[in-house]
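Note on naming: letters A, B, ... go to the chains in the order of the sequence lines (proteins, then strands), and numbering restarts at 1 for each one.
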Amino acid sequence: MPELPEVETTLRGLRPWLLGSTITEVQVRQPALRWPVVKNLPDLLIGQVIVCMGRRAKYLLIKLQQGSLLIHLGMSGSLRLLLADEIWRKHDHIEMVLHTGKRLRYHDPRRFGSWSWATGDHYQLAKLGPEPLSKQLNGEYLYKKARGRMVPVKNFIMSSDIVVGVGNIYAAESLFSAGIRPDRSAGRISLKRFCILSEHIKNVLGSAIDQGGTTLRDFVDSSGEPGYFKQQLQVYGRHGKACRVCNAALKLQRLGQRSTVFCSRCQK
DNA sequence: CTTTCAGCCTGACGGC
DNA sequence: TGCCGTCAGGCTGAAA
């Protein structure tokens with residue numbers, strides 16, 4: 001499941017190969033993604049040069065001379081750079097061929113991902129909160145936004161209008177290392193604890209991105225998936241097992257239809 | 001305004 | 001062996 005660090009790693013792996021290339025061919029085999037892929041996508045892309053690539057939240061942004069593509073990997077999406085034509089595997093949905101002969105192929109079994117086209121702004125980006133690694137995310141900001149909010153703090157930091165890119169895994173991990181119970185109401189957390197939490201969000205995501213960098217060497221012609229970060233997960237997926245800090249059994253809770261693991265001794 | 005929740009989709013897995 | 005139910009997950013939009 002690609003979270004922000006995986007998307008950033010994908011961007012860094014692809015950018016050197018795509019930037020400045022002209023798109024010569026586009027094939028859409030399965031247009032039914034999260035949102036239907038625009039019907040004339042090949043017409044819109046062919047002949048255009050990729051002039052800029054970036055990331056916002058978990059979206060990849062590919063800017064062309066006219067308009068831009070916004071790609072989301074959803075739950076199971078991946079982008080693979082092929083050096084030559086290759087047999088289409090099951091769940092390969094889109095391919096973009098470049099004048100260099102390189103091919104960008106999109107694979108997504110669950111089709112929760114998306115390829116959106118816009119000549120101007122993408123509406124998906126309109127109401128997003130700050131990037132977690134930016135200085136706009138800090139304790140004061142979270143504290144201010146949390147005034148009057150009764151939602152569990154885990155749901156709060158997973159809301160994309162508050163801060164982007166904090167998915168289920170990293171929310172649980174950040175709250176564990178910050179020592180905050182995931183079910184505590186956002187509005188009842190002190191400024192000081194929000195300062196600690198924002199630092200832990202940055203550390204957890206930042207170190208995952210750093211580790212992703214080590215896989216970039218093998219990105220081309222590899223599986224296309226940056227691979228799971230070797231970073232040791234403290235709580236995610238470990239319910240029932242012993243807390244790595246205090247040895248107590250980790251507990252499982254459902255918050256907003258998401259499973260949430262935490263240590264009731266370490267997190268208050 | 002805030003909060004909750006169904007729906008989108010496939011593959012993996014457990015129980016029978 | 002195979003069928004069936006459940007779960008996983010980000011994001012949207014509608015309902016409460």
If you find the nucleotide of DNA chain B closest to A/Phe112 and the one closest to A/Pro152, which residue's nucleotide is nearer the 5' end?
-> A/Pro152
Out of B/dT4, C/dG10, C/dA8, which nucleotide sits closest to the side chain of A/Ser259?
-> C/dA8
Residue-phosphate contact under 4.0 Å: A/Arg149 side-chain N/O, B/dT3 OP1/OP2 | yes
Is any side-chain N or O of A/Arg111 closer than 4.0 Å to OP1 or OP2 of B/dT10?
-> yes
A/Trp35 CH2 to B/dC9 C1', straight-line distance once rounded to whole Å = 15 Å
Pairing of A/Arg55 and A/Glu131 as salt bridge, 4.0 angstrom limit | yes
Distance below 4.0 Å between A/Ser76 side-chain N/O and B/dT10 OP1 or OP2 = no
Could you please name the option among C/dA8, C/dG10, B/dG11 that lies closest to any side-chain atom of A/Glu3?
-> C/dG10
Salt-bridge contact A/Arg254-A/Asp183 (side-chain N to carboxylate O under 4.0 Å) = no
Using side-chain contact (heavy atoms from CB on, under 4.5 Å) as the criterion, point out the one residue from A/Ile62, A/Leu69, A/Leu104, A/Leu98 that pairs with A/Ile23.
-> A/Leu98
Verify, without hydrogens or angle tests, whether A/Arg105 (side chain) and A/Glu86 (backbone) share a donor-acceptor contact under 3.5 angstrom.
-> yes
Below 4.0 Å: OP1/OP2 of C/dA8 and any side-chain N or O of A/Arg254 = yes
Report yes if a side-chain nitrogen or oxygen of A/His91 is closer than 4.0 Å to either non-bridging phosphate oxygen (OP1 or OP2) of B/dT10; otherwise report no.
-> no
Write down the distance between CE (A/Met75) and C1' (B/dA12), rounded to a whole number of angstrom.
-> 14 Å
Distance in angstrom units between A/Asp108 CG and C/dG10 P, rounded | 14 Å
Nearest-angstrom distance from the residue atom CD of A/Gln124 to C1' of C/dT12 | 10 Å
C/dC11 C1' sits how many Å from A/Leu73 CG, rounded?
-> 14 Å
Rounded distance in Å - CH2 (A/Trp115) to C1' (C/dC11) = 20 Å
Lys NZ or Arg CZ of A/Arg147 over A/Tyr143 ring: under 6.0 Å, within 45° = yes
Should the heavy atoms of other residues, nucleotides or ligands under 6.0 Å from NZ of A/Lys63 be counted, would the total exceed 12?
-> no
Winner on side-chain proximity to A/Lys58, out of C/dC11, B/dT4, B/dT10, is C/dC11
At under 4.0 Å between heavy atoms, what does A/Gly167 touch on the DNA or RNA strands: base, sugar-phosphate, or nothing?
-> sugar-phosphate
From the list B/dG7, B/dT3, B/dG11, which nucleotide is the closest neighbour of the side chain of A/Arg34?
-> B/dG7
How is A/Lys90 classified with respect to the nucleic acid when contacts are heavy atoms under 4.0 Å: base, sugar-phosphate, or nothing?
-> sugar-phosphate
Between A/Arg110 and A/Tyr123, which has a closest nucleotide on DNA chain C that is more 5'?
-> A/Arg110
Whole Å only: how far is the CZ atom of A/Arg258 from the P atom of B/dT3?
-> 15 Å
Roughly, in whole Å, what's the span from CZ in A/Phe156 to C1' in B/dT3?
-> 14 Å
